[in-house]
Asker: 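Okay, here's the structure, questions in a sec.
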Amino acid sequence: MIGSASRWAMLMALAAAPALAQTADPKPIAAVAAGGPATTGAETTLLLVDREADDEAQGSLRWAVITSNAEPGRYRIEIAVPTIVLRSALPPIKGPVSIEGRAFARSGGHNVVDGSSYLPRDLKSCPGMVQGQYGANVRTASNPGFALVDTKGVTLRGLEIRNFCIGVLILRTSNAVVVDNRIVRNIGGAGVMLSGDDGKGGSTSHTTLDNKVLRNTFLENGDGLELTRGAAFNLIADNVFDGGVDNLEPSQGIEILWGNDNTVVRNRFVRYSDGLQSNWGARNYISANTFEGNAFGISLTGAANMVEGNDIRGNGIGVAVRPEAKVAANRISQNTIAGNGLPIMRCSAGGSCDPKMVRGGIVVGPPGLEHASFVGSRGMGVVFDKAGAAVACTGQGDPANCHATPQFGLLPPSLASVRASGGKLAVKGVLAGPPESLVTVELFAGKAGTAEGERYLGAIQAVTDAGGKAAFAGEVEGAAAGSAITATTTSAAGASSAFSQALALGR
């Protein structure tokens, strides 16, 4: 039997190696969103795991993985025993194959795969790829429970995957489905990590595609899930991300780092530093999620990301749009945003512990981890170069490379009047935007005395003159007397502003 050190060396070599060439499959792979097995279309043979011991004897999980890896596509694996405590890392999984806990289909339960016997609950058990770094906020592929590396078509269903550094590593792998699982207390990377890392820290744009992470519960993982270094066109839907109360590094529910064109919908994010943190990703669609009890509900940089139709309540900042070296447009539209501005001091590689920081529904300009003015932890095992920290522009003695105000400095509109009119709301105001350009004003209603946007009322469009000025007027849905009416502006390029000052609707 190969020793644990040898297995770990093998996995690290795979993680560090360049992406393998993608060859055509002899038969199509069906990685279905409903969580059915990924197959080649041929009938598969069952490998039943009915042995709790972690050895290579028939009936063990290790035996099943080794047997399936020898002929990918021939087998499916079902785990019947309640708990398997691994003594060392499993071999990387070769797809196509389905690995399923039998209890889920029968009772809604989960069969447990646990790494605690060889991984102490200590962030230093989870080293990064840079010498001396460790924990949840460094580049890493260390000590996963299930490693899917340079493969495709793997389904994991009905499992509780706990006490690893990374619960499931999806590295340069496509058409994987992670569905109906519990991902618990994986401390040194993420509950599920989808990465296109080329082995040198660069991104691959063609390897980590079309994966689905559906209907899972993520509890007390450092990061719940990561979409990093080129991970693209992946679907993350109907999951619960809960930082919990006993989390060594409650960082992000989801971190998107140079990940593009991913869809994140109908998830719930609670008790994290950042519910969702986008770092320079592009064109990601973030919709119909709920964010509550996070320092930042959504923390945003990147280009052409769309934050639409989310319910964002009870956070320190609902949506924080951070400065970055290259200013870009990100759309924030038709969300329910209310009750934010709370003094939540949760700031492990996100959020902020600055008591003087501006808080509220949408805040444009709070610093991120790369900025010298950030107040909080950049990660327990992160080595931070203070001398090279970025500086946000202030307009007074700025260095040449300072980070300018996000969203191209787009300002909120100014409401001049709001009044009830035949069941509608008649609105007038003025705005400033790009010269000779179409600008959309979105209107919201909230409780009296608030200045966010609890209920979306509709939109009015205006065209700016050569100086970037425009007046707007129109009707949107009605609101109750006494409501606080606010507005945002969105440019034709897709940049959205913070909320305007509220105007009370007369009784």
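Keep in mind that this is a model prediction, so the values were computed, not measured.
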Asker: Rounded to the nearest 0.5 Å, what separation is found between the CG atom of Asp238 and the NZ atom of Lys212?
Answerer: 13.5 Å

Asker: Could you pull out the closest heavy-atom pair between Val192 and Val178, with the gap in Å?
Answerer: CG2-CG1, 4.4 Å

Asker: Is there side-chain contact between Asn284 and Thr263, with heavy atoms separated by less than 4.5 Å?
Answerer: no

Asker: For Glu324, check salt bridge (Lys or Arg N to Asp or Glu O under 4.0 Å) against everything at least two apart and list the hits.
Answerer: none

Asker: How far apart are the C-alpha atoms of Val245 and Arg271, what are their side-chain angles, what is the distance that settles it, and do they pass the side chain to side chain contact (heavy atoms under 4.5 Å, CB included) test?
Answerer: CA-CA 8 Å; Val245 296; Arg271 295 189 286 197; 3.4 Å; yes

Asker: With rounding to the nearest 0.5 Å, note down the distance linking CE in Met193 to CG in Leu225.
Answerer: 9.0 Å

Asker: Could you list the donor-acceptor pairs under 3.5 angstrom formed by side chains in residues 364-375, with sequence neighbours left out?
Answerer:
residue, atom, partner, partner atom, Å
His371, ND1, Gly368, N, 2.8
His371, NE2, His403, ND1, 3.0

Asker: Strictly by modelled atom types, are Asn279 and Glu255 linked by a side-chain donor-acceptor pair under 3.5 Å?
Answerer: yes

Asker: Taking atom CG of Leu235 and atom CG of Asn262, what is their separation to the nearest 0.5 Å?
Answerer: 9.5 Å

Asker: Using a 3.5 Å distance criterion without hydrogens, assess whether the side chain of Asp114 forms a donor-acceptor pair with backbone atoms of Ser116.
Answerer: yes

Asker: Give a yes or no on whether a salt bridge exists between Glu56 and Arg62, defined as a side-chain N under 4.0 angstrom from a carboxylate O.
Answerer: no

Asker: Output every pair passing ring pair (Phe, Tyr, Trp, His ring centres under 6.0 Å) with a member in residues 208-229, not counting sequence neighbours, ordered by first then second residue.
Answerer: Phe218-Phe241

Asker: Ignoring hydrogens, what is the shortest heavy-atom contact between Ile161 and Gly167? Give both atom names and the distance.
Answerer: CG2-O, 3.5 Å

Asker: For Ile183 and Glu160, what are the C-alpha separation, side-chain angles and deciding distance, and is it a side chain to side chain contact (heavy atoms under 4.5 Å, CB included)?
Answerer: CA-CA 6 Å; Ile183 315 292; Glu160 180 170 308; over 6 Å; no

Asker: Is there a side-chain contact between Leu47 and Glu78 in this structure, where contact means two heavy atoms from C-beta onward sitting under 4.5 Å apart?
Answerer: no

Asker: Keeping Ser125 on the side-chain end and Pro120 on the backbone end, is there a donor-acceptor pair under 3.5 Å?
Answerer: yes

Asker: Counting N and O atoms only, with roles assigned by atom type, does the side chain of Thr155 sit under 3.5 Å from a partner on the main chain of Ser98, one being a donor and the other an acceptor?
Answerer: no

Asker: Within the 4.5 Å heavy-atom criterion, are Val307 and Asn330 side-chain neighbours or not?
Answerer: no

Asker: Could you give all pairs that pass the ring pair (Phe, Tyr, Trp, His ring centres under 6.0 Å) test and reach residues 130-188, with sequence neighbours left out?
Answerer: none

Asker: Between Leu194 and Val213, is there a side-chain heavy-atom distance shorter than 4.5 Å?
Answerer: yes

Asker: Is Asn340 close to Ile312 at the side-chain level, that is, under 4.5 Å between some pair of heavy atoms?
Answerer: yes

Asker: Does the side chain of Ser251 come under 3.5 Å of the side chain of Ser273 through a donor N or O and an acceptor N or O?
Answerer: no

Asker: Which pairs, with at least one residue in residues 93-211 and sequence neighbours excluded, count as a disulfide bond (SG atoms under 2.5 Å apart)?
Answerer: Cys126-Cys165

Asker: So, using side-chain hydrogen bond (donor to acceptor under 3.5 Å, both in side chains) as the criterion, who are the partners of Ser333 when residues are at least two apart?
Answerer: Glu442

Asker: Hey, does Leu123 have a side-chain heavy atom less than 4.5 Å from the side chain of Ile187?
Answerer: yes

Asker: At what distance, to the nearest 0.5 angstrom, does CD of Glu71 lie from OG1 of Thr44?
Answerer: 12.5 Å

Asker: List the steps and the verdict of side chain to side chain contact (heavy atoms under 4.5 Å, CB included) for Asn305 and Arg283.
Answerer: CA-CA 4 Å; Asn305 296 292; Arg283 301 175 304 278; 5.6 Å; no

Asker: Ignoring hydrogens and angles, tell me if any N or O in the side chain of Asp55 forms a donor-acceptor pair with the backbone of Ala57 under 3.5 Å.
Answerer: yes

Asker: Just grab all the disulfide bond (SG atoms under 2.5 Å apart) pairs involving residues 260-340, residues at least two apart or on different chains.
Answerer: none

Asker: When you measure from the side chain of Asn69 to the backbone of Lys94, do you find a donor-acceptor pair of N or O atoms at a distance under 3.5 Å?
Answerer: yes

Asker: Just checking, Arg87 and Tyr118: is the charged tip under 6.0 Å from the six-membered ring centre and within 45° of the axis?
Answerer: no

Asker: Do side-chain atoms of Ser68 reach the backbone of Ala64 as a donor and acceptor pair under 3.5 angstrom?
Answerer: no

Asker: Can you check whether Gly243's main-chain N or O pairs, donor with acceptor, with Asn221's side chain at less than 3.5 Å?
Answerer: no

Asker: For Asn260 and Ala282, indicate whether the former's side chain and the latter's backbone hold a donor-acceptor pair under 3.5 Å.
Answerer: yes

Asker: Show your working on side chain to side chain contact (heavy atoms under 4.5 Å, CB included) between Leu61 and Leu90 and close with a plain yes or no.
Answerer: CA-CA 9 Å; Leu61 177 58; Leu90 290 171; 3.9 Å; yes

Asker: Output yes when Arg185 and Asp246 qualify as a salt bridge under the 4.0 Å nitrogen-oxygen rule, no when they do not.
Answerer: yes

Asker: Determine the minimum heavy-atom distance between Ala389 and Phe384, stating which atoms define it.
Answerer: CB-CZ, 3.7 Å

Asker: Nearest 0.5 Å please: distance from the CG atom of Asn239 over to the CZ atom of Arg215.
Answerer: 9.5 Å

Asker: Can any side-chain N or O of Asp198 pair as donor or acceptor with the backbone N or O of Gly202 at less than 3.5 Å?
Answerer: yes

Asker: For residues Asn211 and Val177, determine if any side-chain heavy atom of one lies less than 4.5 Å from a side-chain heavy atom of the other.
Answerer: no

Asker: So which heavy atom on Gly158 is nearest to which on Phe104, and how close?
Answerer: CA-CB, 3.7 Å

Asker: With the side chain counted from C-beta on, respond yes when Ile166 and Asn143 share a heavy-atom pair under 4.5 Å apart, and no when they do not.
Answerer: no

Asker: Which donor-acceptor pairs under 3.5 Å do the side chains of residues 343-353 make with protein atoms, sequence neighbours left out?
Answerer:
residue, atom, partner, partner atom, Å
Arg346, NH1, Gly293, O, 2.6
Ser352, OG, Asp354, N, 3.1

Asker: Report yes or no: does Arg229 contribute a side-chain atom to a donor-acceptor pair with the main-chain N or O of Gly201 at less than 3.5 Å?
Answerer: yes

Asker: Please report the shortest heavy-atom distance between Ala404 and Pro323, naming the atom on each side.
Answerer: O-CB, 3.7 Å

Asker: Taking all non-hydrogen atoms of both residues into account, name the closest pair between Leu48 and Ala80 and its distance.
Answerer: CD1-CB, 3.9 Å

Asker: What pairs with Asp122 under salt bridge (Lys or Arg N to Asp or Glu O under 4.0 Å), at least two apart in sequence or on another chain?
Answerer: none

Asker: Going by disulfide bond (SG atoms under 2.5 Å apart), name the pairs with one or both residues in residues 92-123, residues two or more places apart or in two chains.
Answerer: none

Asker: With rounding to the nearest 0.5 Å, note down the distance linking CG in Asn175 to CG in Leu148.
Answerer: 11.5 Å

Asker: Scan for side-chain hydrogen bond (donor to acceptor under 3.5 Å, both in side chains) pairs involving residues 288-302, sequence neighbours excluded, and state none if there are none.
Answerer: Asn267-Asn289, Asn289-Asn310, Asn294-Asn315, Ser299-Arg322

Asker: Quick one: side-chain contact (heavy atoms from CB on, under 4.5 Å) partners of Phe233, sequence neighbours excluded?
Answerer: Leu209, Asp210, Asp261

Asker: Under 3.5 Å, is there a donor-acceptor pair between the Asp197 and Ser195 side chains?
Answerer: no

